[in-house]
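First the structure, in the form of structure tokens, and then the observations on it.
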There are 2 protein chains.
Amino acid sequence: MELQLQIKMNEKLFLRNPEQTELGKKIILHSIFLIHKNGFEAFTFKKLADDIGTTEASIYRYFENKHRLLIYITAWYWNWLEYQVTVHTKNITDPALKLKRVIRLLATTVEDDIKTSYVNENILHQIIIAEGTKAYLTKQVTENNKDQLFKPYKDLCAKISSVILEYNPEYKFPKSLSSTIIEMAHFQNFFMYNLPSLTDFGNTKDESKIISFLEDLVFSSIKKL
Amino acid sequence: MELQLQIKMNEKLFLRNPEQTELGKKIILHSIFLIHKNGFEAFTFKKLADDIGTTEASIYRYFENKHRLLIYITAWYWNWLEYQVTVHTKNITDPALKLKRVIRLLATTVEDDIKTSYVNENILHQIIIAEGTKAYLTKQVTENNKDQLFKPYKDLCAKISSVILEYNPEYKFPKSLSSTIIEMAHFQNFFMYNLPSLTDFGNTKDESKIISFLEDLVFSSIKKL
DNA sequence: TTACTGATAATAGTAATGCTATCATATTTA
DNA sequence: TAAATATGATAGCATTACTATTATCAGTAA
């Protein structure tokens, strides 16, 4: 028996469920490669169609537009990451250890997960670093949020926030600290490789230093006195 | 005598210096309003031209494309903010007090600065919150960085970083902490108003709570033992 | 006064983008 | 076997993101 991880996605993310057809899976797979290669701005459904060997019109049957596809991809990622967090903290009771695991999962380039064969999580991670915030930094954020499109992100944030409160129930800003470490795990990575003077690890390009920074940030903030 | 604050901008940011002509100033002024109103994605030079009452072609003489204009606007903002930081920390010797001032300047909606008549800093601040990261989250970031287009941002980061080291010369991550508080001053604001469950101040919409969070974050991190 | 310069307006044009619509055909499913 | 569904092929269209050319007008230097 082959174990297949199926992530249940919000129906509003798509017009037709891409996980249920061959073309749908190709759309996800190829869009991840193309966005990674040329960036989201240069990405178009026409180029994606040519890459897949299908037509624009066919892709529009799955997604309203490229921004919706980006939201879908990011939502998929956050769902997957929350699942990773759940798995990797399952049998840990010490909240400090849990938090360290979480930080590592957030900040580390992941190995490809064979359970989701048609998605390359490593490349996906890099996309989320460079393009992830563009999913919500728009004028439609409130409307999209009403459709629950950002629920996976918010769920992950809530989960991390609860681990923080496990460690120190008195800490005043668990959610803001969560969103801070999520975003900073990505921004510090982007800065390290692209604008190194905004970080303290520019010359080393050593991702473990980002982990050290985040651990230091988190634990000094939530330390009980 | 009227005091006029002229911010010296990098020549590579534009094709023709917009500060030196009436049309140029109108381009900046109206683009800030339009980007604020409709978001950067919906912003085009055609719409800007119609709004100003000029032609697309005229605007293209000042800026290569809308992304360059965004970089210009963000660079202007970071220049201006660094100037604000300099002014407001000038006679303060206590680095802790300095840092608090800096955090307040980063996180607070600014009052309109009469010294720069043709720019509305308050609206500009909101643009930077929602669109600022799009200036560098692109495939051209390295190239743009070589042209020094992000220097104002990096200068501000370096300045804050030096205040951090003044407070605690032993602290290991002054630059990463600086970029973290700069970005988080904005992201927590965006989240508070648009995705409130990612913060701890969603119901209050109280910007001073962002300041409390950032102060807590910074000072617990850099505290000497 | 004339001639030159620089800035802008007016107009035109082009390739690419971001869609929508229609119809034919292949495949699945009832 | 008929009906429903998915895809492909093709067309079309308004907008976007530019580039190029020419004309006009204001300021200034000779």
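What you see is a predicted model, and the numbers here were worked out from it, not measured in a lab. All values below were derived from every heavy atom in this structure, side-chain atoms included, with hydrogens, water molecules and symmetry-related copies excluded.
Residues Y193(B) and E207(B) have side chains in contact (heavy-atom distance under 4.5 Å, counting atoms from C-beta outward).
Per the geometry, CZ belonging to F40(A) stands 13 Å off C1' belonging to dT17(C), to the nearest Å. Rounded to an integer number of Å, the gap from NZ of K46(B) to P of dT19(D) is 17 Å. Here the P atom of nucleotide dT15(D) and the CG atom of N65(A) are 17 Å apart, to the nearest Å. Remark: P of dG18(C) and CG of L48(A) are 12 Å apart, rounded to the nearest angstrom. E56(A) has its CD atom 11 Å from the P atom of dT20(C), to the nearest Å. When the P atom of dT16(D) is taken as reference, atom CD1 of I59(B) falls 13 Å away, rounded to whole Å. Between N17(A) atom CG and dT5(D) atom P there is a gap of 16 Å when expressed in whole angstrom units. What separates CG of L69(B) from C1' of dT16(D) is a distance of 16 Å, to the nearest Å.
When only modelled atom types and interatomic distance are considered, Q188(B) and S176(A) share a side-chain donor-acceptor pair under 3.5 Å.
Regarding contacts with the backbone of dT7(D), a side-chain N or O of R16(A) is found under 4.0 angstrom from either OP1 or OP2. Listed pair T55(B) / dT11(C) fails the phosphate criterion, with no side-chain N or O lying under 4.0 Å from OP1 or OP2. Side-chain nitrogen and oxygen atoms of T54(A) include at least one within less than 4.0 Å of the OP1 or OP2 phosphate oxygen of dG8(D). Distances shorter than 4.0 Å separate none of the side-chain N or O atoms of S58(A) from OP1 or OP2 on dA6(D). Residue K47(A) has a polar side-chain atom (N or O) positioned under 4.0 Å from OP1 or OP2 of dT17(C). Not one side-chain nitrogen or oxygen of R61(B) sits closer than 4.0 Å to the OP1 or OP2 atom of dA7(C).
Residues K134(B) and E41(B) are paired through a salt bridge, judged by an N-O separation under 4.0 Å between the basic side chain and the carboxylate.
Note on Y62(A): only backbone sugar-phosphate atoms sit closer than 4.0 angstrom, heavy atoms only; bases stay farther off. Counting any heavy atom pair closer than 4.0 Å across all strands shown, E64(B) reaches sugar-phosphate atoms only and no base atom.
Because its NZ or CZ atom is not both nearer than 6.0 Å to the ring centre of F63(B) and within 45° of the ring axis, R68(B) does not count as a cation-pi partner of that residue.
Here dG8(D) is the nucleotide among dT8(C), dG8(D), dG18(C) with the atom lying nearest to any side-chain atom of L23(A). Between dG18(C), dT11(C), dA17(D), one nucleotide has an atom nearer to the side chain of Y60(A) than all others, and that is dG18(C). For A57(B), whose side chain is taken as the heavy atoms from C-beta onward, the closest listed nucleotide among dA10(C), dG18(C), dA17(D) is dA10(C).
Heavy-atom neighbours of K205(A) NZ from other residues, nucleotides or ligands within 6.0 Å: above the threshold of 12.
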